[in-house]
Colleague: 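Provided herewith is a single structure, encoded as structure tokens, for subsequent inquiry.
Order of appearance sets the numbers: ligands from 1, and atoms from 1 within every ligand. Because the structure is a prediction, the values reported are computed rather than measured. The basis for the numbers below is simple: all heavy atoms, side chains too, and nothing from hydrogens, waters or symmetry mates.
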Amino acid sequence: MGHLGVLLFLLGGLGALADICEIPQVDSKLVERLGQRLLPWMDWLSLEHLNPSIYVGLRLSSLQAGAREAFYLHILKLSYQHSLLGLTFNDDNSDYQDKPSMGQLALYLLALRANCELVEGRKGDRLVSQLKRFLEDEKKAIGHNNKGQPHTSYYQYGLGILALCVHQKRLHDSVVGKLLYAVEHEQHLHQGHLSVDTVAMAGLAFTCLEHSNLNPNRKHQITRAIENIREKILKAQTPEGYFGNVYSTPLALQLLMKSSMPGVELGTACLKARAALLASVQDGAFQNALMISQLLPVLNGKSYVDLISPDCEAPRVMLEPVVETPSPPQEVIRVVLKVPSVSPPYINSISVPAGSSLEDVLKKAQKLRGFMYGTQNTLSGPFLTSVMGKEAGEREFWQLLRAPDTPLLQGIAEYTPKDGETIELRLATW
Ligand code: B12
């Protein structure tokens, strides 16, 4: 090959490279600081706060928590096996009454796989059967004509399929078919606008099925669905570079990473998303442990699909806990809290120290009387379930908005209102 030939060859190679979604290495100190935020969660071993997603995120990252991490998995196993299989120890513990949901069971199976374990034996088979049963029930809820909705969500449906797939457990074509249908007929996945998180999770499940060839009869449909999802996610890229919003970008990148699309500048789109994501990490947008657990794999070039054959020998950097220095006393700010969807409507101005979370505002409002709220703990933190004694009903939720009409991108524990802001709690449907 002459000089020109070599040059053309190299340029061609570069062109092809630009079309592949790649996430170049990120400053390791930045990644470490993110990982450190997970450590306090790993010491929080009450059953309500156990979070298999944190374990999965850490194992797919470039970081490790040594003995802490091993102990965390041990406690996860004890508690999940107890509540799912009824293996008794300390039976009067009321925390056990709530069984893990389909999605939580799926995340637990992902955590086992992240430790290079395959579910096997009697106990393993029972966990697999439970997850299959959950999916069958959801399939029934969706119905023959696909007019119904799953009891949980299509996000958890996708997570369930993914978890069984990484353990090489086969599902009936009809179970996979419901998710395929939902992706093809997008309106089933969301009301109003596209949920990038949900389609990305479906895409990860399909990618696993494609690699493992577990549903050969659906092969072509699965490949088409993955392409369809990639297109949808690319279309959802914002001018700043996020796929959907900042918090759906990690899952979107997990799906897009290492892929290419003919005729599409995927490489550029991913680099833009990476830059936007890193800027928000530097701005402190990633405080939530669940969000960090979805982001860390991306910063290590990994996705949940890598759990098909995880690398448990890969060297990882040991995390050292940081000692938080208490912040000096803050000035007082005023936040207006508004609940129009109750009668009589509630509105009040609440004073809190600057830097307080929305949850602090709600607590203060409750202490001042005239306001009431209830929460339920979830893997994402405290979820607002009732306001002024009114519980959100089936397919309803208490939406958090900054007036006049901007839905918050964080929950009550993380969002910190600014001075003079009005926060509205609105009963909405989803
Ligand atoms: C489905 C979903 C919802 C559904 C949940 C109903 C249901 N029955 O499934 C609805 C539409 C109600 C919802 C509401 C909200 N959501 Co939402 N939700 C999701 C989604 C797509 C999947 C959650 C899930 O099933 N996880 C798997 C299961 C196994 O975990 P789980 O802990 O058991 O699941 C429960 C919690 O996740 C809880 N939940 C759902 N969203 C949120 C948000 C927060 C902050 C909390 C604490 C809990 C919570 O509902 C799940 C079912 O019970 C995630 C996407 C993601 N990347 O995680 C976004 C996501 C978690 N939600 C998000 C947000 C911002 C919200 C809202 C705060 C929006 C708003 N402005 O009001 C509200 C919550 C308000 C409140 N009352 O506290 C963000 C959180 C970002 C962050 N910084 O942490 C995410 C990541 C979406 C995004 N990309 O923006 N959500």
Colleague: In the structure I gave you, are the side-chain heavy atoms of Y108 and L127 within less than 4.5 Å of one another anywhere?
Modeller: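 The answer is yes; the side chains approach within 4.5 Å.
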
Colleague: Is D405 salt-bridged to R426, cutoff N-O under 4.0 Å?
Modeller: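 Result for this pair is yes, salt bridge flagged.
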
Colleague: Counting only N and O atoms by type, is there a donor-acceptor contact under 3.5 Å from the side chain of K178 to the main-chain atoms of Y154?
Modeller: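 No, the answer is negative, given that no donor and acceptor are paired below the 3.5 Å cut-off.
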
Colleague: Please list, in number order, the atoms of ligand 1 under 4.0 Å from a heavy atom of S248.
Modeller: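 Counting atoms of ligand 1 from 1, those under 4.0 Å from S248 are 89 (N).
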
Colleague: Which residue and non-hydrogen atom of the protein lie closest to atom 45 (C) of ligand 1, and at what distance in Å?
Modeller: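 For this ligand atom, the closest protein heavy atom is G411 CA, 3.2 Å.
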
Colleague: Is atom 86 (C) of ligand 1 close to the protein, meaning a heavy atom under 4.0 Å from it?
Modeller: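 Flag for atom 86 (C) of ligand 1 set to true, protein heavy atom closer than 4.0 Å.
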
Colleague: For Q104, is at least one N or O under 3.5 Å away from an N or O on ligand 1?
Modeller: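 Yes, there is a polar N/O contact under 3.5 Å.
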
Colleague: In this structure, does ligand 1 have an atom that sits under 4.0 Å from one of the heavy atoms of N245?
Modeller: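 Flag set, N245 near ligand 1.
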
Colleague: Take the angle between the ring planes of W41 and W44 and call it parallel below 30°, perpendicular above 60°, tilted in between.
Modeller: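 If you compare the ring of W41 with that of W44, the planes turn out tilted.
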
Colleague: Could you tell me which atoms of ligand 1, counted from 1 in the order shown, lie closer than 4.0 angstrom to a heavy atom of Q156?
Modeller: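 Matching atoms, with element in brackets: 25 (O), 28 (C), 52 (C).
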
Colleague: For H172, does the NE2 atom have more than 12 heavy-atom neighbours from other residues, nucleotides or ligands under 6.0 Å away?
Modeller: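 Incorrect, the count does not exceed 12.
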
Colleague: What residue and atom, counting heavy atoms only, is the protein's closest point to atom 32 (O) of ligand 1, and at what distance?
Modeller: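 Answer for atom 32 (O) of ligand 1: L379 N, 2.8 Å.
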
Colleague: State whether any protein heavy atom lies less than 4.0 Å from atom 57 (N) of ligand 1.
Modeller: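 Given the 4.0 Å cut-off, atom 57 (N) of ligand 1 counts as touching protein heavy atoms.
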
Colleague: Quick one: does C21's side chain get under 4.5 Å of L253's, heavy atoms only?
Modeller: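 C21 reaches L253 side chain to side chain.
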
Colleague: What protein heavy atom sits nearest atom 73 (C) of ligand 1, and how far off is it?
Modeller: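 Checked against all protein heavy atoms, atom 73 (C) of ligand 1 sits closest to F397 CE1, 3.9 Å.
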
Colleague: Run R230 and E227 through salt bridge (Lys or Arg N to Asp or Glu O under 4.0 Å) and show every step you take.
Modeller: CA-CA 5 Å; R230 285 197 189 123; E227 283 164 11; over 6 Å; no

Colleague: Does atom 22 (C) of ligand 1 have a protein non-hydrogen atom under 4.0 Å from it?
Modeller: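 Answer yes: something from the protein, a heavy atom, is under 4.0 Å.
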
Colleague: Between A392, S380, G381, flag the one that comes closest to atom 61 (C) of ligand 1 by a heavy atom.
Modeller: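 Closest candidate by heavy-atom distance is S380.
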
Colleague: Assess whether side-chain hydrogen bond (donor to acceptor under 3.5 Å, both in side chains) is satisfied between R334 and S351, documenting all intermediate values.
Modeller: CA-CA 4 Å; R334 296 181 79 78; S351 307; 2.9 Å; yes

Colleague: Does the N or O separation between T198 and ligand 1 drop below 3.5 Å for any pair?
Modeller: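 No - when backbone and side-chain N and O of T198 are compared with those of ligand 1, no distance drops under 3.5 Å.
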
Colleague: Salt bridge check, E396 against K390: does any charged N sit closer than 4.0 Å to a carboxylate O?
Modeller: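 No, K390 and E396 are not salt-bridged.
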
Colleague: Is a donor from one side chain sitting under 3.5 angstrom from an acceptor on the other, for T238 and E240?
Modeller: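 Side chains of T238 and E240: pair found under 3.5 Å.
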
Colleague: With atoms numbered from 1 as shown, which atoms in ligand 1 lie under 4.0 angstrom from a non-hydrogen atom of G103?
Modeller: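 Result: 29 (C).
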
Colleague: Compare W430, Y157, F383 and give the one whose heavy atom is closest to atom 9 (O) of ligand 1.
Modeller: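 Minimum heavy-atom distance to atom 9 (O) of ligand 1 goes to W430.
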
Colleague: Counting heavy atoms only, which of N288, L290, L409 comes nearest to atom 83 (N) of ligand 1?
Modeller: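 The residue whose heavy atom sits nearest atom 83 (N) of ligand 1 is L409.
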
Colleague: Please report whether atom 17 (Co) of ligand 1 has a protein non-hydrogen atom at a separation of less than 4.0 Å.
Modeller: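 Answer no: nothing from the protein, no heavy atom, is under 4.0 Å.
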
Colleague: Could you tell me whether the side chains of Q294 and S53 share a donor-acceptor contact shorter than 3.5 Å?
Modeller: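 Note: Q294 and S53 side chains miss the donor-acceptor criterion.
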
Colleague: Would E136 and R133 pass as an ion pair if we require N to O under 4.0 Å?
Modeller: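 Not counted as a salt bridge, because no side-chain N and carboxylate O are separated by less than 4.0 Å.
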
Colleague: Does the protein put any heavy atom within less than 4.0 Å of atom 54 (C) of ligand 1?
Modeller: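 It does not: no protein heavy atom is found less than 4.0 Å away from atom 54 (C) of ligand 1.
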
Colleague: Any protein heavy atom under 4.0 Å from atom 13 (C) of ligand 1?
Modeller: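 For atom 13 (C) of ligand 1 the answer is no, since every protein heavy atom stays at 4.0 Å or beyond.
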
Colleague: Using a strict cut-off of 4.0 Å, indicate which atoms of ligand 1 neighbour a heavy atom of L384.
Modeller: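 Close to L384: 76 (C), 77 (N), 78 (O).
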
Colleague: Specify whether the nearest protein heavy atom to atom 63 (C) of ligand 1 is under 4.0 angstrom away.
Modeller: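 Within 4.0 Å of atom 63 (C) of ligand 1, no protein heavy atoms are found.
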
Colleague: Can you find a protein heavy atom under 4.0 Å from atom 47 (C) of ligand 1?
Modeller: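 Given the 4.0 Å cut-off, atom 47 (C) of ligand 1 counts as touching protein heavy atoms.
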
Colleague: Is there a donor-acceptor contact under 3.5 Å linking the side chains of D283 and S280?
Modeller: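 The answer is no; no qualifying pair exists.
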
Colleague: Give me the residue, atom name and distance of the protein heavy atom closest to atom 75 (C) of ligand 1.
Modeller: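 Closest protein heavy atom to atom 75 (C) of ligand 1: W398 O, 3.4 Å.
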
